[in-house]
Amino acid sequence: MPVLLGVDTGGTYTDAVLIRDETTVIASAKSLTTRQDLAIGVGNAVRSVLEAAQVAPEDIALASLSTTLATNALVEGQGGRVALIYIGFRGRDLEAHGLAEALKGDPALVLAGGHNHAGGEAQPLDEQALISFLETHKDDVSGFAVASQFATRNPAHELRAAQLVAEMTGKPVSSSHQLSAKLNGPKRAMTAVLNARLIGMIDRLIGRAEDVLQQIGVAAPLMVVRGDGALISSGQARERPIETILSGPAASIVGARWMTGVDHALVSDIGGTTTDVALIKGGKPQIDPAGARVGPYRTMVEAVAMRTTGLGGDSEVHFQSEGLQGGVTLGPRRVLPISLIAVDAPDVVHAALDAQLRSVAPGEHDARFVRAVAGQTKEGLGPREQALLDRISDQVHPLGDIIRSRIELGALKRLVERGQIQIAGVTPSDASHVLGRVMEWDSGAARKALRLFGRRRTGGGDVLSNSEDDIAEMIIDRLTHQTALALLETAFAEEIPEFDVAPDVLARHVLMQRGMSGHQGLVRLNTGLAVDVVGLGASAPSYYPAVGRRLGTRMILPEHAGVANAIGAVVGRVTMRQSGTVTSPSEGKYRVHLADGPSDFGDQDSALALLETVLRDAAQAQAVEAGAQDIQLTVTHDIRTAGVEAREVFVEATVTVEAAGRPRVAEG
């Protein structure tokens, strides 16, 4: 019986699991994720699980990887420096559609060119301006994104721009028409920008994962989980890393269904960086028709309908001084737990914490540390960022020893966003160590850090608390509250018929919150969730029972909840979809929009037949390339017509072909 290996690289842990014959988990293991070289964590987890199961590396028939790396990078605003080539659009679109915000100061060129709705050239491509732009920026970005007006109707200008980028710079280029067949140029541009930003990061992860698996002796092909839960080949994931956003969360849903058999439930997966919530309905995860949304970004990537919140075991704890009592709030940024960084640099961390505790007044940077992440590219770093990075070097430092003026805080933020450095601070993981719920790292350092955190003064002038246990309870209570809000928001978003109020407003509404406490005055209120919740993640058994009680619902905690992503990574199917369009630029003419340009026909059936043949061939080829076997093809036609003078006139048709099959396993 074949043995399958699933691996998930999360923000804090890398998990590995072995499954025999797609039915039985025979072993699982965890290792700390190593940001400086992700392959170290992958290798440690795989070696541990092979040893635990007494399975030889050559007996692995299939290896599959899911990752929250792309999701976490977008939530935390990280990734490489990129340049956008924006063809045929208006300059003000950059601001109006959020592209300027997504670029974060990275260069962009608004260029003459593009096509019209029918696929005809609207303006010639301004190649001279493009060449000048490439000469200027070829050495200060890690990749390029290209988006042209109506490129899904005719990609000629995107293809020419991509050709010039490759010839002049040798850098990777993301073309929007290759990422989505749908209209909406600005949204395709956003998807191309994010894809370009992730290419280097995902390429390093997959490349190093393949290297370490070969070193261990695993010769099976490597698959990667896509954002809709399907599997793709490692080569396909390297070309289109944007498709791996929500890879980890999608794998967790597949894993939750495999472990529990639930047909109707909310799935909530808490990791180190994010909490991901989705609905399983009819035994299947719901697909987001508007495209995957991660953090502030809406993409055109087909993915599970999931709400991702910057809330996890390693979320940064913020002090709230407002009000007489004060309080805490969590996220959205991930930081290294103090208890964890103290394991790596115990002398530095404990000496700094002790010195800060001896100080009479609390300091702005108490219980905060910084270290550099080795192996990161440095394109586009300014002199202030470079000087700060040189000062940090490869050591762990108290943050107060590094920041010499407030102006350097901006440079620090940019280095964090580029993934060049990591900040350590107080997290829910530290609170769990103080309360004795988790004892994996340095509990003593966590206690000192929470004592320092509690010395801050509230709006009433009093210290927050002199007891680190009180602070820990406060942090865990806040995690329970914010997790409950994330679940309620998802439930309200999926309600049919929908409410006329935004889900986040409904979740926080005083009537909802009072109802969960069973308010009974002149009015009796009783609110909560009317659907089960499957709690996933290594820390779910510690945090989620309280969430279930708060929401008045059954909380299902599967036996292997801590490695659900790794399980989902290896029990999924290969699924490839190809879509195309036929339009009618004039009566009696049917235009098929293909990758090499439009093709016209005199009758509707011939146009649809050609498009379906092209899409069938492309989907089948992609599925074979991804390593699928027993492939089945499904074709759907969505034909739009309009009534004109008592007759139906063809307007547009979209053809979608889905090729699905089981991943091919290596023969033993």
Side-chain angles (χ1 to χ4, degrees), residues 85-93 96-97 110-127 130 145-163 174-192 289-291 300 302 577-619 635-658:
I85 299 164
Y86 202 45
I87 304 169
F89 297 97
R90 298 166 299 185
R92 63 175 179 269
D93 286 349
H97 296 281
V110 180
L111 195 64
H115 292 76
N116 58 34
H117 186 273
E121 186 177 77
Q123 294 182 77
L125 179 66
D126 188 349
E127 291 194 13
L130 176 55
V146 179
S148 178
Q149 189 176 39
F150 286 111
T152 54
R153 295 290 191 251
N154 190 337
H157 287 180
E158 279 196 10
L159 292 171
R160 176 57 179 158
Q163 181 185 5
S174 296
S175 298
S176 77
H177 78 278
Q178 294 175 336
L179 299 171
S180 175
K182 297 178 181 178
L183 296 177
N184 193 330
K187 204 166 163 186
R188 276 190 291 105
M190 174 75 78
T191 306
M300 297 193 84
E302 202 166 69
R577 296 180 191 87
Q578 288 284 326
S579 294
T581 307
V582 176
T583 60
S584 181
S586 60
E587 190 167 358
K589 181 184 285 188
Y590 300 88
R591 179 163 293 171
V592 183
H593 297 277
L594 303 170
D596 54 357
S599 182
D600 291 340
F601 289 82
D603 67 285
Q604 174 182 329
D605 291 343
S606 298
L608 289 172
L610 173 68
L611 180 57
E612 183 177 319
T613 299
V614 170
L615 296 178
R616 278 176 173 270
D617 291 345
V635 182
T636 57
H637 289 198
D638 180 12
I639 300 176
R640 290 173 49 209
T641 60
V644 178
E645 296 178 351
R647 62 193 179 96
E648 290 294 310
V649 176
F650 176 92
V651 176
E652 185 174 293
T654 299
V655 178
T656 301
V657 176
E658 181 177 285

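- One finds the CZ atom of Arg160 at 11.0 Å from the CD1 atom of Ile87 (value rounded to the nearest 0.5 Å).
- Annotation: the span from Leu179 atom CG to Thr152 atom OG1 amounts to 12.0 Å, rounded to 0.5 Å.
- Between Phe650 and Thr641, the shortest heavy-atom distance links the atoms CA-CG2, 4.2 Å.
- Here OG of Ser148 is found 10.5 Å from OH of Tyr86. Values are rounded to the nearest 0.5 Å.
- The nearest pair of heavy atoms linking Arg90 to Val110 is C-CG1, 4.2 Å.
- Using a 4.5 Å heavy-atom threshold, the side chains of Val655 and Val582 count as separate.
- Taking the six-membered ring for Trp and thresholds of 30 and 60 degrees, His157 and His115 have ring planes inclined between 30 and 60 degrees apart.
- Between the side chain of Arg577 and the backbone N or O of Thr656 there is no donor-acceptor pair closer than 3.5 Å.
- At a threshold of 4.5 Å between non-hydrogen side-chain atoms, the residues Thr654 and Lys182 do not count as touching.
- Residues Tyr590 and Ser606 form no side-chain contact, since every pair of their non-hydrogen atoms from C-beta on lies 4.5 Å or further apart.
- Around atom CD of Glu587, no more than 12 heavy atoms belonging to other residues, nucleotides or ligands sit under 6.0 Å away.
- In this structure, Leu183 and Thr581 have side chains that are not in contact, with every pair of non-hydrogen atoms separated by 4.5 Å or more.
- With values rounded to the nearest 0.5 angstrom, Leu615 atom CG is found 13.0 Å from Glu658 atom CD.
- In this structure the side chain of Val592 never reaches within 4.5 angstrom of the side chain of Val614, judged on heavy atoms.
- Closest approach of Ser174 and Ala192 over heavy atoms only: CB-O, 3.6 Å.
- Residues Gln604 and Ile639 form a side-chain contact, since some pair of their non-hydrogen atoms from C-beta on lies under 4.5 Å apart.
- Summarising the geometry of Val146 relative to Ala161, their closest heavy-atom pair is CG1-CB, 3.8 Å, with the distance given to 0.1 Å.
- Of all non-hydrogen atoms in Pro186 and Phe89, the two that sit nearest each other are CD-CE2, 4.1 Å.
- Ala118 and Arg591 get closest at one heavy-atom pair: O-NH1, 2.7 Å.
- Looking only at side-chain heavy atoms (C-beta outward), His177 and His593 stay at 4.5 Å or farther from each other.
- Although no hydrogens or angles enter the test, the distance criterion places no donor-acceptor pair under 3.5 Å between the side chain of Ser180 and the main chain of Arg188.
- The closest donor-acceptor contact from the side chain of Arg640 to the backbone of Glu652 lies at 3.5 Å or more, if one exists at all.
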His97 vs Met190, side chain to side chain contact (heavy atoms under 4.5 Å, CB included): CA-CA, chis, key distance, verdict: CA-CA 9 Å; His97 296 281; Met190 174 75 78; over 6 Å; no

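- With values rounded to the nearest 0.5 angstrom, Leu111 atom CG is found 9.5 Å from Gln123 atom CD.
- If you take CG on Leu130 and CD1 on Ile85, they are separated by 5.0 Å, rounding to the nearest 0.5 Å.
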Residue pair His637, Glu612: steps toward the side chain to side chain contact (heavy atoms under 4.5 Å, CB included) verdict: CA-CA 9 Å; His637 289 198; Glu612 183 177 319; 3.0 Å; yes

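- Judged purely by distance below 3.5 Å, without hydrogens or angles, the side chains of Ser176 and Glu158 pair a donor atom with an acceptor atom.
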